[in-house]
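Working notes, beginning with the structure itself.
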Amino acid sequence: MLLLTCPYCGASVEETELTPGGEAHLKRYGPGSTDQDFEAYLFLRPNKKGVHFERWRHAYGCGKWFLAARDTATLEVFGTYSAQTTKPPAEIIETIQAKHPDWSPE
Amino acid sequence: MTTRLAQGGLRIDRQKQIEFTFNGKRMTGFEGDTLASALLANGQKIVGRSFKYHRPRGVVTSGAEEPNALVNLGEKGRFEPNQRATTTEIFDGLSATSQNHWPSLDWDIGEVNALAARFLPAGFYYKTFIHPRPFWKHVFEPFIRQSAGLGKAPHPEDRDEDRYEHFYAHVDLVVAGAGVAGLQAALVAARAGLQVLVCEQAPRIGGRLPVDGAEIDGLSASDWIAKAADELSGYPNVELRPRTQVSGVYDHGYVLAYERLADHAPDADTPRHRLWRIRARHVIAATGALERPLSFPGNDKPGVMLASAVRDYVVDYGVSVGDRTVVVTNNDDAYRTAIAIKSAGLDVPCIVDARATAAGLLVEEARALGITVKTGTAIAGVKGLRGVVAVQLCAQAGEGSVTEEIVCDAVAMSGGWSPVVHLWSHCGGKLTWDADQAFFRPDHARPPTDHNGAGFVTCLGAADGALQLQDTVANADSVARAVVAELGGSAADAGSPLSVAARPEAPLEPIWVMPQGAGVKKRSKMWLDFQNDVKVSDVQLAAREGFESVEHTKRYTTLGMATDQGKLSNINGLAILAQSLNENIPRVGTTTFRPPYTPISMGAIAGEARGEIFQPLRRTPIHAWHDDQAAYWEPVGHWRRPYCYPRDGESHSGAVTREINATRSSLGLLDASTLGKIIVKGPDAGRFMDMLYTNMMSSLKPGRCRYGLMCSENGFLIDDGVVARLDDDTFLVHTTTGGADRIHGWMEDWLQCEWWDWEVFTVNVTEQWAQIAVVGPNARALLDKLGSDTDLSAEALPFMAWTDAKIGGFYARVFRISFSGELSFEVAVPASQGRAFWDALHAEGAEFNATAYGTEALHVMRAEKGFIMIGDETDGTVIPQDLGLHWAISKKKEDYLGKRAQSRSHMTDPDRWQLVGLETLDGSVLPDGSYALAEGENANGQGNTQGRVTSTYYSPTLDRGIAMGLVLHGPDRMGEVLTFNTTKKIVKGEKPKTVKAKIVSPVFYDPEGEKQNV
Amino acid sequence: MRRYSAFAIAREAARHHLGWERAWRSPEPKASYDVIIVGAGGHGLATAYYLGKNHGIKNVAVIEKGWLGGGNTGRNTTIIRSNYLQDPSAAIYEKARSLYETLSQDLNYNVMFSPRGVMMLAQTQHEIRGYQRTAHANALQGVETEFISPRKVKELCPIIELKGPRYPVLGALWQPRGGTARHDAVAWGYARACSDMGMDIIQQTEVTGVRRDGGKVVGVETTKGYIGCSKLGVVVAGHSGVMAERAGFRLPIESVALQALVSEPIKPCMDVVVMANTVHGYMSQSDKGEMVIGGGADGYNNYTQRGSFQHVEETVRALIETFPMISRLKMLRWWGGIVDMTGDRSPIISKTPVENMFINCGWGTGGFKAIPGSGWAMAELMAKGESPLAAEFSMGRFREGRFIDESVAAGVAH
Amino acid sequence: MSDIAVSALAGAAFTGIVSVSEAGLRGMVTLKADLEAAAVKKAVKKLCGTDVPAVRRVAAGPEVQVAWMAPDELLILCDHAKADAMVADLAAALAGHHHLAVNVSDARAMFELSGDAGAVRDVLAKITPADMRPDVLVPGEMRRTRIAQIPAALWFETEGKAFVICFRSVAQYAFDLLSTSAKPGGEVGYF
Ligand SMILES: Cc1cc2nc3c(=O)[nH]c(=O)nc-3n(C[C@H](O)[C@H](O)[C@H](O)COP(=O)(O)OP(=O)(O)OC[C@H]3O[C@@H](n4cnc5c(N)ncnc54)[C@H](O)[C@@H]3O)c2cc1C
Ligand SMILES: NC(=O)c1ccc[n+]([C@@H]2O[C@H](COP(=O)([O-])OP(=O)(O)OC[C@H]3O[C@@H](n4cnc5c(N)ncnc54)[C@H](O)[C@@H]3O)[C@@H](O)[C@H]2O)c1
Ligand SMILES: Cc1cc2nc3c(=O)[nH]c(=O)nc-3n(C[C@H](O)[C@H](O)[C@H](O)COP(=O)(O)O)c2cc1C
Ligand SMILES: [Zn+2]
């Protein structure tokens, strides 16, 4: 049962107060995009066994979406951060690399 | 003969006698007895039957690891199978029956299995019962099922009389186990100021200490425990819970503990069980160690027990398990049992010690008491059918030729101890094999890790492999200090280490089979898993057949899969497996440890959620009125809406017809409060609305309404409803009942995660309003009669307009929208006035025969009008284009959610089925979900289809069946007749029954809309 | 292979069962094979079996990183049914179900297929309509199924509470020839038969890479070294994403934990399988007597085979409401598996961007019932390059928007 | 016509380990806006008589309380009859400034729990995963969380006196839940 800190409330809340939202940092492809890009955007997922960036909504709390960097093999959480970003912030990346030196963002 | 001793028994209060029954026989025990100790005290040696061979079974342990002594407990609403006698405290009126036998415990037909045992080795059922085919289901399986299973099934109509609850706790530290190690750890943490929750599964704290005895800090065991408990109770930051088992450790420091509040006092008006849902920064598992049996022929017979258990029964309960008890061991600790028995005035014919030599203080003490010690010796066989009458001895080194026979009525065995590492392992903690002490203990380098990637479970004391008291205490003290320091407590205040006067013990010698050279005949009489009847020979068979992984062996033999989860059998079993594979034990490894540590009640898991509060029930402000009218309810999400309001003797369909006729002919009232209402406001609201809806919303004028469609990004219709523009930068979005929360979340998702620079706020105001549809030719008349401060005439408030108004004194928002095709006003008033407004409408509406109608009438009327219904015409695979809703899909907008998806090849395919109306030729009602047949079969031999019914009703208005459906090229085939299947069951040889229906326009009623636009 | 039978047991009993031979060999890998299957779960082993049995391709290795059958095949609630709504699903699940009927005989291994019947309770008007639609579809698909009354429900399963109170039972979709099978035995039976055909089942060996030559697969890297092959079938369920990455492409799949639990064993009290989808719970009783209960899937990616408690809580709550008598039973054990969920919750049996590499995955929460049919189709696809049973399950459907959505008829995937 | 306005449970009450009562109609206004903006701070100060509360805090003015709900959202608690006026005043005060103020009084139900300080926390701790430790959920701080299966906002006015706000449609469920949790015999004695 996961425990995540909502970056907006600053409260550490358990999974049952949140709703999961799948892969984070997806780029939306709309009209005019290629079938490939659109398929990738909607369906194709890295589904990493390891470092994973994902969306959560503090549904039973402030109602805000936030993002988390989590290891899907150990469930270690490297940090949570604002949903208003297109890529993981530097400090999160540092935290991850501190634990996994050979890891680098795609 | 097992019996109660004249004196002794630390746990029992001889002043307080308790009466109970076993298999109908009245028995007595003392307060503090467990059912097991009480049964033994009453001479009840056989307490149950084994799973597979139905062998007679007696009590073998004194705790949570008990595989044999399981009973049906209680009656009716308090009946419970498979209750462990060794952890069941007795109470007045307790009634228990033994399990898994017919006709009786002593004479069990199933025992033939035992005679046939040789034909029923591990996994025999995989190799037979193959022919003839039908026999498995009809002959073999029923037989196997009957003889399998353990306790009785509760009666289907009995209802649990007890209540249950949960409790959430957040602490620095959970200490599982209040033995000497756990207590010391708790003291250290408490003194350092940490918040500590100590959970002890037993009713008494102290663990093994009271029975094993020792001097700690110059105090007797009991005094030291009392002192520790007393100090702990003084700390506000410490909570100590007896009868509370830590049942599982989960990710991110989540811990479940199972508190048994009323099992020992069923008449107390408390919840029976309380499930603790704990968040702990750290977990200390001070869970001790469990003794292992020895694998000698006949080790499963009633009267053969763990040495520690025999000791517990004598010392804790004042119960003798036999007049003459042979102790068989490979370690010193078992000598404590011999000494305890002897000190109780009972006889120990000899101690059979498999080790070549036995020295050390305990051994000396035993010898000093005149007990013969036979070293290098083993048990070759146990005589007696339903109980022990003698044991045959042999050399441990040999193959088992009997050297002598010793008359005895009990055997106390000890094969060494295994640390209880379950809580360490539940969440992935790894183990290491300690060859000297022959057990797995926690590998400190590989603990289970939490959300910070840090280890969060620590075993200490015996659970960490420190078995001998002086080691236990030293280990507990130092490890606890380290944990406390890590958690930010100051070890300085932790108090001084304990001084222990205990007797050092000689090392044990690992003994996996006894005697060492036993042949297959003997090995097939050595039990590993007493409950599931798994023997040494079975594990060896598994290895022989290639089930080399310990996980395969487990599943092939069912070793460790019984209700005790192999607490006694697993280590012995995998040692045997390793031997047979010529592997070393650590390479074979253990099976996965899974929660719960011991089984927990389903009731506790569900907690308070039963009956009325099984699930939240959402009620509109008018709910009570519906209830008073005996509405027939239809669940919609967590809401409940009236399906119809049957009157006395009226059928549901009769009621629906009446409601529709009343509405179409005069006046109907619908509680539409459950409809979603979301406010969308801001400079970018129009732009946002245009992205949400397939049609153009930004162009909507304030004061007007527009029907709109929402699609998922994958192109499929997800919701529809009427949008009202409140002012230039504010929209009111109506969603379906099921859609309100979903769509609001959906909006927030896009606003927060994609278009966060757009200035838009949303609020879900669904429940702020009671919304009532006033429908029918007399709708306006009623509102006028109530009196409105605003002109509601067709001119002032035309179809698809809205206005604020004061109606009959109620502040209201009035929408000229219609889902029925009639003149209709949807009137929203604040929820707090909803019921009053509803009552007013009925009062004033009486003269118009105002009739409340339910969801079914609503559905029929919308179908008569050809309006689609989300969930009927749509099912997650339908796009607006399929439903002839092109008019609602803006061509001007270059983007909206779902637009890109709708341009994929399969979505633009002209062969997609399209919405049409359907009329059976004979006027009958098409069956729900029936399919339109097409010629031939597909590549997989399935009948081809060319369409399906999406909704179908009897229309009272037209007095015939009407339906809508999706049909291949439907709109181009008006008038064509299709064949629909009406059979829902295929009967071999029979061709499906069918009915013919004509393709027509989906609008069956008032196509020009003359009625709604008046 | 020496055949199994009552006589064989009697014969062996005479010599204390010392004469039984291995159920399957555990060979060292050869340098190369015609076909390598990655993953010795039910689907992988069945694929190998039908490659040999139906297509005469026997120079096959099945490579398993753990112990065979230890994935989801070894941890599922064993429900077998084929009354799915959509044609492609009904086709492959019914093919599988009918193969199950004779699987024990085909494999000479008792997989204990027990066609005791599966019912899915209808507890809302919407479910009634959904199941009636399914029933109509099944009639045309040749799947024997039927919508039954509450009375019949109670007859077939006396421990059900019909009256709710919250969600009265309004009827059920009933498949009399659905049921359960002994999950481990299915894997073991196929493994034994494959081994008997001369195929190599290589356990405790992980495939760590896919070697390609000009977009064509030539072999796999493993923890036991490189092994060549001319065709590769990847059948690794929860680890499909990991394997796809190793082959350089992505799948429309996310891996999440799905949980199950069993009660302590009790005497027979439930002769059918019941699924209550409104309240999210399903239950059956195993031959050993435990009540076998399936929980919900987590919503977040997870490879730990441990799930979150609230799903177990929700399921048990739902089942006590449906079967009040279980309230005083005890949960004996609780575990999880990593299930591979696709974008439309339907499986993938398909060619891949890598030539001669095929993938069979996405069975998610419901693939045990499909094992024989899936193996049959996958083998045909690998041997012939196409299979009518597999056609609709190609990866391409996600690009074209041609989904196979079973959730539509109030159905669930188990 | 607030005279005919009724709360969801018309003041239902239960007494067990603690007393649970529906607090009756309470005015509630949701204000969504940039809480950092001077205009907003000013408006709140003027109309509620208190500053914009800090994260998770409840700020109390003379008649009005203001609760922090989200980084861009406040809940203003006032007299039920004054809620519409409050909305109007906010609209006026924030005219031209992007915001959303709306009356949600009737979309909510509110309960009061009172009794022994520890007991009140015990009763809540049976149904919410939120940390109920007195040094964590201090009086004056609001925790938005769930109670059993529904969303709720909890806060302590003082030790021994807590409030629970939930949606109106589930008021009965919330009341039954709280009463069950407070049922005699279920004393935990933890807090
Ligand atoms: C709790 C639960 C309940 C379920 N209930 C049901 C049910 O009632 N009915 C039903 O029909 N289905 C059910 N399912 C689904 C069903 O179990 C699965 O769909 C099915 O077993 C999948 O089989 P498989 O052979 O594809 O995968 P698996 O059995 O998981 O086999 C995949 C194998 O691949 C191996 N592997 C992975 N990566 C590698 C690698 N790199 N190299 C080598 N080997 C590798 C794994 O070790 C594993 O053994 C349930 C699943 C779960 C978890
Ligand atoms: N000399 C030997 O060979 C030998 C062997 C084993 C044990 N011992 C003795 O055992 C004692 C070891 O002390 P200890 O404190 O480490 O162990 P312990 O067995 O004395 O205490 C462990 C306690 O944990 C409880 N427990 C176990 N699992 C639990 C769970 N999941 N939840 C809640 N409670 C749980 C048990 O009921 C018990 O009270 C010492 O007295 C030691 O001398 C000696
Ligand atoms: C249908 C079924 C029935 C099971 N019955 C039992 C059982 O009676 N006793 C038991 O200990 N485990 C039982 N299990 C659970 C297994 O022991 C094991 O937990 C599961 O296969 C997952 O493996 P793992 O726990 O080793 O990861 C059962 C599993 C399944 C799928
Ligand atoms: Zn938050």
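The contact between B/Ala609 and chain C is made by backbone and side chain atoms together, counting heavy-atom distances below 4.5 Å. Contacts between C/Leu261 and chain B at a heavy-atom distance below 4.5 Å involve the side chain alone, from C-beta outward. Proximity to chain C is limited to the side chain of B/Tyr250, based on heavy atoms less than 4.5 angstrom apart. The part of B/His426 that comes within reach of chain C is its backbone (N, CA, C, O), which places non-hydrogen atoms under 4.5 angstrom from that chain. There is no contact between B/Gln902 and chain C, counting heavy-atom distances below 4.5 Å. Contacts between C/Ser263 and chain B at a heavy-atom distance below 4.5 Å involve backbone atoms as well as side-chain atoms. The part of B/Tyr164 that comes within reach of chain C is its side chain, from C-beta onward, which places non-hydrogen atoms under 4.5 angstrom from that chain. Residue B/Leu70 does not touch chain C at all, counting heavy-atom pairs closer than 4.5 Å. In this structure, the portions of B/Arg555 lying under 4.5 Å from any heavy atom of chain C include both its backbone and its side chain. Interface residue B/Gln615: backbone and side-chain heavy atoms are both found under 4.5 Å from chain C. If you measure heavy-atom distances from C/Tyr167 to chain B, the contacts under 4.5 Å come from the side chain alone. When heavy atoms are compared at a cutoff of 4.5 Å, C/Val312 approaches chain B by way of both its backbone and its side chain. Contact annotation for C/Asp184: only side-chain heavy atoms (C-beta onward) come within less than 4.5 Å of a heavy atom of chain B. Contacts of B/Asn981 with chain C are made by both backbone and side-chain atoms, with heavy-atom separations under 4.5 Å. For C/Gln305, the parts lying under 4.5 angstrom from a heavy atom of chain B are both the backbone and the side chain. For C/Leu170, the part sitting under 4.5 Å from any heavy atom of chain B is the side chain, from C-beta outward, and nothing else. Interface remark: B/Gln146 contributes backbone and side-chain atoms alike to the contact with chain C (heavy atom separation under 4.5 Å). Heavy-atom distances place both the backbone and the side chain of C/Leu18 under 4.5 Å from chain B. Heavy atoms of C/Ala90 lying under 4.5 Å from chain B belong to its backbone as well as its side chain. Using a 4.5 Å cut-off between heavy atoms, C/Ile320 contacts chain B through its side chain alone, with no backbone atom that close. For chain B, the nearby part of C/Met270 is the backbone; its heavy atoms alone come within less than 4.5 Å. In this structure, chain B has no heavy atom under 4.5 Å from any part of C/Phe323. With a 4.5 Å cut-off on non-hydrogen atoms, B/Asn938 touches chain C through its side chain but not through its backbone. With a 4.5 Å cut-off on non-hydrogen atoms, B/Thr558 touches chain C through its side chain but not through its backbone. With a threshold of 4.5 angstrom between heavy atoms, B/Ala604 does not approach chain C through any atom at all. Heavy atoms of C/Gln203 lying under 4.5 Å from chain B belong exclusively to its side chain. For B/Gln99, no part lies near chain C; criterion is any non-hydrogen pair under 4.5 Å.
Side-chain contact between C/Thr134 and C/Gln175 is absent, with no heavy-atom pair separated by less than 4.5 Å. At least one side-chain heavy atom of C/Trp188 sits less than 4.5 Å from a side-chain heavy atom of B/Phe547. Under the 4.5 Å side-chain criterion, counting only non-hydrogen atoms from C-beta, C/Met325 is in contact with C/Cys269. In this structure, C/Ser26 and B/Glu548 have side chains that are in contact, with non-hydrogen atoms separated by less than 4.5 Å.
Residue pairs meeting the side chain to side chain donor-acceptor pair (under 3.5 Å) criterion with at least one partner in residues 314-323 of chain C, sequence neighbours excluded, are C/Arg317-D/Gln149. Residues in residues 142-152 of chain B take part in these salt bridge (Lys or Arg N to Asp or Glu O under 4.0 Å) pairs, two or more places apart or across chains: B/Arg145-C/Asp271.
A donor-acceptor pair is defined here as one N or O able to donate and one able to accept, closer than 3.5 Å; such a pair exists between the side chain of B/Thr982 and the backbone of B/Lys993. Formation of a donor-acceptor pair under 3.5 Å by the C/Arg402 side chain with backbone atoms of B/Ser905 is not found in this model. In this structure, the side chain of B/Tyr258 engages the main chain of B/Ser601 through a donor-acceptor pair within 3.5 Å.
Ring geometry for B/Phe129 against B/Phe124 counts as perpendicular: the plane angle is over 60°, on a 0 to 90° scale with 30° as the lower cut.
Under the 4.0 Å criterion applied to side-chain N and carboxylate O atoms, C/Arg75 and B/Glu551 are not assigned as salt-bridge partners. Between C/Asp344 and C/Arg397 there is a salt bridge, since a side-chain N of the basic residue sits under 4.0 Å from a carboxylate O of the acidic one.
A cation-pi contact links C/Arg192 to C/Tyr4, judged by a cut-off of 6.0 Å to the six-membered ring centre and 45° from its axis.
Side chain to side chain, C/Arg3 and C/Ser5 fail the donor-acceptor criterion of an N or O pair below 3.5 Å.
Outside the 6.0 Å centre-distance limit, the rings of B/Trp136 and B/Phe143 are not counted as a close aromatic pair.
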